[in-house]
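In what follows, a structure is listed as structure tokens, so that the remarks can point back to it.
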Amino acid sequence: MEHGLIPGEELVGGIDLFSTIESGQTYCWRREDGRTYESTERGGWYTTVVDGEVLRVRQVEAGLEWEATTDPVDRLTYLLRLDDDLDAILAATPEDPLIGEAYRTHRGLRLVRDPPFRCLISFICSAQMQVPRIHRMQVALSETFGEAVAVDGETYHAFPTPERLARASEEELRELSLGYRAPYVKATAEMVAAGEAHPEEALGLGYEAARESLTRFVGVGEKVADCVLLFSLGYLQAVPLDTWIRSAIEEHYPECDRGNYRETSRAIRERFGGEYAGYAQTYLFHHLRTGAATA
DNA sequence: CCGTACCCTAGTTT
DNA sequence: AAAACTAGGGTAC
């Protein structure tokens, strides 16, 4: 594999690789030590397979060190949004004690751009599920149905194609602990494999129309649709209303609770400054989930 | 728009 | 100690 470095000074606003990858927004990466996002231990290599290419990245003092089968700089920049100007984005959020604390505590956390189908499946799996178990499901899916890629004596697994997941039986998927999500994953994979629908078709639509369009996939409601928009399709204004954010709204922004998803979503999006509201959501989610919040 | 069923696992309570 | 109970990043019907 080739290797190289992306200097830290090129990343405006910095980078916190641990927070970026293990904050529950992406399930595409695997830790060197095999842990599945359940520890608070930082450091080490993260590996993924995208378009048949293996890429590995870790945070070092000088920046991001990488190893890959082809030069991964453009790909890493895309996947980890290394071209986002974090200083400008954070500055665009209205003053707020809780958000401010989250920004200061986890400075360098970036949103991601996961491959759309993979993102869609991982968030269908996320329903009523905790982060480490969602990650374990994605690892199981890759190892069971994903193509193996051998590099330097190591074997890596790509994420399965829509066609392969469509061919899997519901029973096989249940064996991977997907539970009631198994038929959702299969049905959605069938829709994509058949060319009936693709998550990328949401691109180009206005935000709310895009969210609506994603809900045609089986197992995808408004919350999961918002996750795909934010973590894959670049709709940075999306604010997925999960239980953590809902309880934060109840406690800190009660005036934004409008009783239903659509209106509450509009209100909190406005409260978080609109264009980059999804950044505030992701920092806040990570901040609450790690138990670091005091504000 | 509202209520309920749905898998599964780890952690807590009887 | 074994068995209930509970909750965890929702969605379909």
Side-chain angles (χ1 to χ4, degrees), chain A residues 19-29 35-40 102 106 109 111-112 114 118-141 144 168-191 197 199 211-232 238-252 257-266 268 272 277-293:
Chain A
S19 296
T20 298
I21 292 184
E22 304 207 27
S23 54
Q25 55 166 331
T26 175
Y27 297 92
C28 294
W29 298 85
R35 289 171 174 270
T36 54
Y37 298 3
E38 77 278 58
S39 80
T40 53
H106 309 286
L109 180 139
L111 281 168
V112 295
D114 279 355
R118 188 167 186 173
C119 182
L120 181 65
I121 296 298
S122 59
F123 281 94
I124 289 172
C125 291
S126 79
Q128 295 213 247
M129 198 42 60
Q130 0 185 21
V131 168
R133 286 197 52 212
I134 301 164
H135 190 261
R136 264 179 265 152
M137 289 181 193
Q138 308 314 302
V139 169
L141 285 173
T144 307
S169 67
E170 179 182 327
E171 191 171 293
E172 286 176 302
L173 294 172
R174 282 180 184 270
E175 282 169 14
L176 305 181
S177 302
L178 266 65
Y180 62 78
R181 304 157 195 82
Y184 299 167
V185 166
K186 181 172 170 60
T188 287
E190 282 170 346
M191 291 169 73
R211 188 175 67 197
E212 179 65 25
S213 116
L214 286 172
T215 61
R216 65 187 150 159
F217 293 103
V218 183
V220 179
E222 292 167 305
K223 186 271 175 185
V224 169
D226 264 334
C227 290
V228 175
L229 291 176
L230 182 60
F231 305 137
S232 177
V239 177
L241 299 181
D242 55 71
T243 56
W244 288 94
I245 298 300
R246 283 178 184 278
S247 71
I249 290 173
E250 191 180 342
E251 190 171 345
H252 299 277
D257 184 356
R258 303 293 161 84
N260 62 62
Y261 194 100
R262 200 164 97 136
E263 297 303 325
T264 303
S265 167
R266 282 183 181 167
I268 198 70
F272 288 172
Y279 252 103
Q281 186 274 356
T282 300
Y283 270 87
L284 181 54
F285 177 81
H286 184 56
H287 194 48
L288 296 171
R289 209 174 68 81
T290 55

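None of these values were measured; they are calculated from a predicted model. Chain letters run A, B, ... following the sequence lines, proteins first and then strands; every chain starts at 1.
- Rounded to the nearest Å, the gap between the P atom of C:dT6 and that of B:dT4 is 16 Å.
- Taking every nucleotide of DNA chain B with any atom under 4.0 Å from a non-hydrogen atom of chain A, the first and last of them, 5' to 3', are B:dC6 to B:dT9.
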Trace of the side-chain contact (heavy atoms from CB on, under 4.5 Å) decision for A:Val131 with A:Arg289: CA-CA 10 Å; A:Val131 168; A:Arg289 209 174 68 81; 3.5 Å; yes
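- Using a 4.5 Å heavy-atom threshold, the side chains of A:Leu241 and A:Ile249 count as touching.
- The CG atom of A:Leu214 sits 12 Å away from the P atom of C:dT11 (whole-angstrom rounding).
- Listed by first residue number, the stems of DNA chain C with at least three Watson-Crick or G-U pairs below 3.5 Å are B:3-6 with C:10-13, B:8-14 with C:2-8.
- Looking only at side-chain heavy atoms (C-beta outward), A:Leu284 and A:Phe272 come within less than 4.5 Å of each other.
- Within the model, atoms CD1 of A:Ile21 and CH2 of A:Trp29 stand 5.5 Å from one another, a figure rounded to the nearest 0.5 Å.
- The residue A:Gln25 sits close to a base: some heavy atom pair falls under 4.0 Å.
- Rounded to an integer number of Å, the gap from A:Lys223 NZ to C:dT11 C1' is 12 Å.
- One atom, CD of A:Gln130, and another, P of C:dG9, lie 6 Å apart when rounded to the nearest Å.
- Taking the ring centroids of A:Phe123 and A:Tyr27, they lie under the 6.0 Å cut-off.
- Nearest-nucleotide assignment on DNA chain C puts the 5′-proximal partner with A:Phe231, out of A:Phe231 and A:Thr215.
- We find that A:Arg266 and A:Glu263 are joined by a salt bridge, their nearest charged nitrogen and carboxylate oxygen being less than 4.0 Å apart.
- Base contact: A:Val131 has a heavy atom under 4.0 Å from a base atom.
- To the nearest angstrom, C1' of C:dA12 lies 14 Å from CE of A:Met191.
- Proximity of A:Val185 to A:Glu170: side-chain heavy atoms (C-beta onward) are nowhere separated by under 4.5 Å.
- Within 4.0 Å (heavy atoms only), A:Phe217 reaches sugar-phosphate atoms of the nucleic acid but no base atom.
- Counting atom types as modelled, A:Gln128 pairs a side-chain N or O with a base atom of C:dG10 as donor and acceptor under 3.5 Å.
- With DNA chain C read from its 5' end, the first of the two nearest nucleotides for A:Arg133 and A:Val218 is the one closest to A:Arg133.
- As rounded to the nearest Å, B:dA5 and C:dG9 have P atoms that lie 22 Å from one another.
- In the region residues 178-188 of chain A, proximity to DNA chain C at under 4.0 angstrom, judged on heavy atoms, holds for A:Tyr180, A:Tyr184.
- For the pair A:Lys223 and A:Asp242, the salt-bridge criterion is not met [side-chain N within less than 4.0 Å of a carboxylate O].
- Per the geometry, CG belonging to A:Leu120 stands 16 Å off P belonging to C:dG10, to the nearest Å.
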Worked verdict on A:Lys186 versus A:Glu190 for salt bridge (charged side-chain N to carboxylate O under 4.0 Å, His left out): CA-CA 6 Å; A:Lys186 181 172 170 60; A:Glu190 282 170 346; 3.3 Å; yes
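- At a threshold of 4.5 Å between non-hydrogen side-chain atoms, the residues A:His135 and A:Glu22 do not count as touching.
- The distance between atom CZ of A:Arg216 and atom P of C:dA12, rounded to the nearest whole Å, is 14 Å.
- Residue A:Thr282 is classed as having no contact, given no heavy-atom separation below 4.0 Å to the nucleic acid.
- Taking atom CG of A:Asp242 as the reference point, atom P of C:dT11 lies 11 Å away to the nearest angstrom.
- What separates CZ of A:Phe285 from C1' of C:dG8 is a distance of 11 Å, to the nearest Å.
- The CD atom of A:Gln281 sits 8.5 Å away from the CG atom of A:Leu111 when rounded to the nearest 0.5 Å.
- Between A:Tyr283 and A:His106, the ring planes are tilted. Angles from 30° to 60° get that label.
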